[in-house]
Amino acid sequence: MSSSKDFKQIINILLLVIPGPIEVADDVLYANAHPSMSHVSAEFIPVFGDCIRYIRKVLFTETAQPFLIAGSGTLGWDQVGANLVVGYDALTDRLLEPGEKALVLHSGYFGDSFADALNTYGAEVDQIKAPLGMAVLEAELENSLMAKKYKIVTFTHVDTSTGVLSNAKRIAETVRRISPETLVVLDGVCSVASEEIRFDDWDIDIVMTATQKGLGTPPGLSIVVASKRALDVFLNRQSTPGSYYASWKKWLHIMQAYEQGKAAYFATPPVNLIYAFRESLNRIVNGSPSLEERFRLHREASKKVPLDDNFAANGMTAVYYPENLAAGDLLPRLASRNVVVAGGLHTEIKDKYFRIGHMGITVVDSHRGDLDTLIKALKESITEAQASKA
Ligand SMILES: *Cc1c(COP(=O)(O)O)cnc(C)c1O
C-alpha cells in the first residue's frame with residue numbers, strides 16, 4: 001500500500017531539527033502504537049501515574065503538582081490565566097477579581113502570546129520588552145517590582161523565536177526578594193528537559209510545557225506543574241476559574257486519583273500519547289545519559305551550532321542567513337538533503353533568519369549522528385547557495 005510505504009520512507013530519511021516537534025525515539029513511537037485501552041483501566045492508571053511522578057523528577061521537585069491535560073503547550077497559558085489570575089462570573093458576566101496585575105518579561109514572540117492569553121482572562125498586563133536577541137535585564141525587573149504589586153511574573157525560559165535563554169534562577173530570586181508573594185511563572189515549552197530547571201531549589205511556582213519539544217514525544221499534551229504556593233492561591237480564590245476545560249477545580253482530583261492508582265474521569269486523556277510519554281520520560285529520568293549528563297550534552301551541542309551569544313539557549317539556535325542569502329536559497333537546499341529546519345518567527349526579523357532545534361535524541365543519542373548530518377548539510381547548502389550567486 002503506498003501510504004504505509006510513504007510513512008516508512010519518511011521515518012527513515014527525514015531529519016526533523018526544528019524547535020519542536022523533534023525527532024522521537026522508535027521505542028516512544030512504538031509505545032504510541034499501543035492497542036486501544038480504557039482510560040480508567042487498571043493497566044492504564046499506573047502509566048498515567050508514572051508520567052506524573054517522572055515529570056517531577058525532570059524538574060527536581062518533590063512536592064509540586066503536575067497537571068497533564070490533552071492540548072498543546074498553549075493550553076498552559078490558559079491554565080495560568082484561568083486558574084491564577086482573575087475570576088469570571090458567568091452569571092453576571094463580570095470579572096470578580098478585576099485589576100489583577102501580571103508582569104510579562106518579553107524576550108521574543110512568545111512573550112506577546114502569553115500577554116495576549118492573560119489579557120483574555122482579564123488580567124492587567126504590563127510587559128518589559130528586552131532588545132531583540134536579549135533577555136530582560138534584572139535591574140528593569142527590580143524597578144517594575146518596586147513600582148507595582150504583581151500577582152504573577154511570567155517569563156519565557158527559552159524564547160523559541162529568538163533562541164534567547166533567560167536566567168530562571170536569578171529571575172525567581174529577584175521576585176522572591178522584592179515581592180515574596182508574587183507567583184513566578186516559567187514558560188518552559190522550549191526548555192524542559194534540554195535546560196536545567198531546579199523547581200524547588202529556585203523556588204519557581206509554575207512550569208508549563210508540552211510533550212513535543214525537549215520531552216521527545218509527539219505533540220498533544222499540555223503539562224503544567226504548580227508549586228504549593230500557586231495551588232494555595234488557586235484553592236483560596238473566591239470566584240470560579242474563567243474556563244471550563246482548563247479549570248483545576250475539574251483536574252486536581254483527577255491528577256491525584258491517577259497518582260494514587262485510582263480511576264477518575266473528567267475528560268478523556270490522550271491514552272496512547274500517555275503511553276508514549278511514559279516511555280520517553282522513563283528514558284529521560286531512569287535511562288542513560290543521566291539528567292545532568294543530558295543537560296551537559298545539550299550545552300555541548302549548542303556550541304557546535306554557529307552562534308556565540310551570552311543569552312543562547314542550549315536546545316535550539318536562531319541563525320541569521322549569511323550575506324546575500326535568504327530562506328529561498330537555503331531551506332530548499334537543506335530539504336533536498338532531507339534536513340528540515342524552521343523559518344523565522346519573530347516579526348521584526350522574520351525573513352532574515354532561520355531556526356534549528358538540537359534537543360532530545362538528536363543530541364543525547366550520538367549513534368544517530370544527527371548533529372553531524374545537520375552540520376554537514378548546513379555547510380554544503382551554504383557553499384552551494386553562495387556559489388550559485390557568484
Ligand atoms: C512552542 C511554544 C509554545 C506553544 O506551544 P504549542 O505546543 O505550539 O501550543 C509556547 N511557548 C514556547 C516558549 C514555545 O516554544
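Read the numbers this way: they start at 1 and go in the same order the structure lists the ligands and their atoms.
Within the cation-pi definition used here (under 6.0 Å to the ring centroid, within 45° of the axis), Lys249 qualifies as a partner of Phe234.
Ring-plane geometry between His346 and His106 is classed as perpendicular, the angle between the planes exceeding 60 degrees on a 0 to 90 degree scale with a lower cut at 30.
Side chain to side chain, Asp78 and Tyr245 fail the donor-acceptor criterion of an N or O pair below 3.5 Å. Asn286 and Asn282 form a side-chain donor-acceptor contact under 3.5 Å, judged by distance and modelled atom types alone.
Near Thr160, the atoms of ligand 1 lying under 4.0 angstrom from a non-hydrogen atom of the residue are 12 (C), 13 (C), 14 (C), 15 (O). Taking a cut-off of under 4.0 Å to the non-hydrogen atoms of Gln212, the atoms of ligand 1 that pass are 6 (P), 7 (O). Residue Thr74 has at least one heavy-atom neighbour below 4.0 Å for each of these atoms of ligand 1: 4 (C), 5 (O), 6 (P), 9 (O). Residue contact check: Ser72 has heavy atoms under 4.0 Å from atoms 6 (P), 7 (O), 9 (O) of ligand 1. Remark: ligand 1 atoms within the under-4.0 Å shell around heavy atoms of Val158 are 13 (C).
Close placement of the Phe44 and Tyr275 rings is indicated, their centers lying within 6.0 Å of each other. Between Phe67 and Trp251, a ring centre-to-centre spacing not shorter than 6.0 Å is recorded.
Considering both main-chain and side-chain atoms, Trp77 never comes within under 3.5 Å of ligand 1 through any nitrogen or oxygen pair. On a distance-only criterion, Thr156 and ligand 1 share no N/O pair closer than 3.5 Å. Residue Gly73 places at least one N or O, backbone or side chain, under 3.5 Å from an N or O of ligand 1.
For atom 14 (C) of ligand 1, the nearest non-hydrogen atom of the protein is Lys213 NZ, 3.0 Å. The protein heavy atom nearest to atom 11 (N) of ligand 1 is Asp187 OD2, 2.8 Å. Residue, atom and distance of the protein heavy atom nearest to atom 3 (C) of ligand 1 are Phe110 CE2, 3.5 Å.
Neither the backbone nor the side chain of His157 has a heavy atom within less than 4.0 Å of ligand 1. At a heavy-atom distance under 4.0 Å, no atom of Asp159 approaches ligand 1.
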Would Lys376 and Glu380 satisfy salt bridge (Lys or Arg N to Asp or Glu O under 4.0 Å), going step by step from the backbone distance to the final call? CA-CA 6 Å; Lys376 179 163 175 281; Glu380 285 176 7; 3.2 Å; yes

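With rounding to the nearest 0.5 Å, the separation of CD1 in Ile204 from OG1 in Thr61 is 10.5 Å.
We find that Asp200 and Lys228 are not joined by a salt bridge, their nearest charged nitrogen and carboxylate oxygen being 4.0 Å or further apart.
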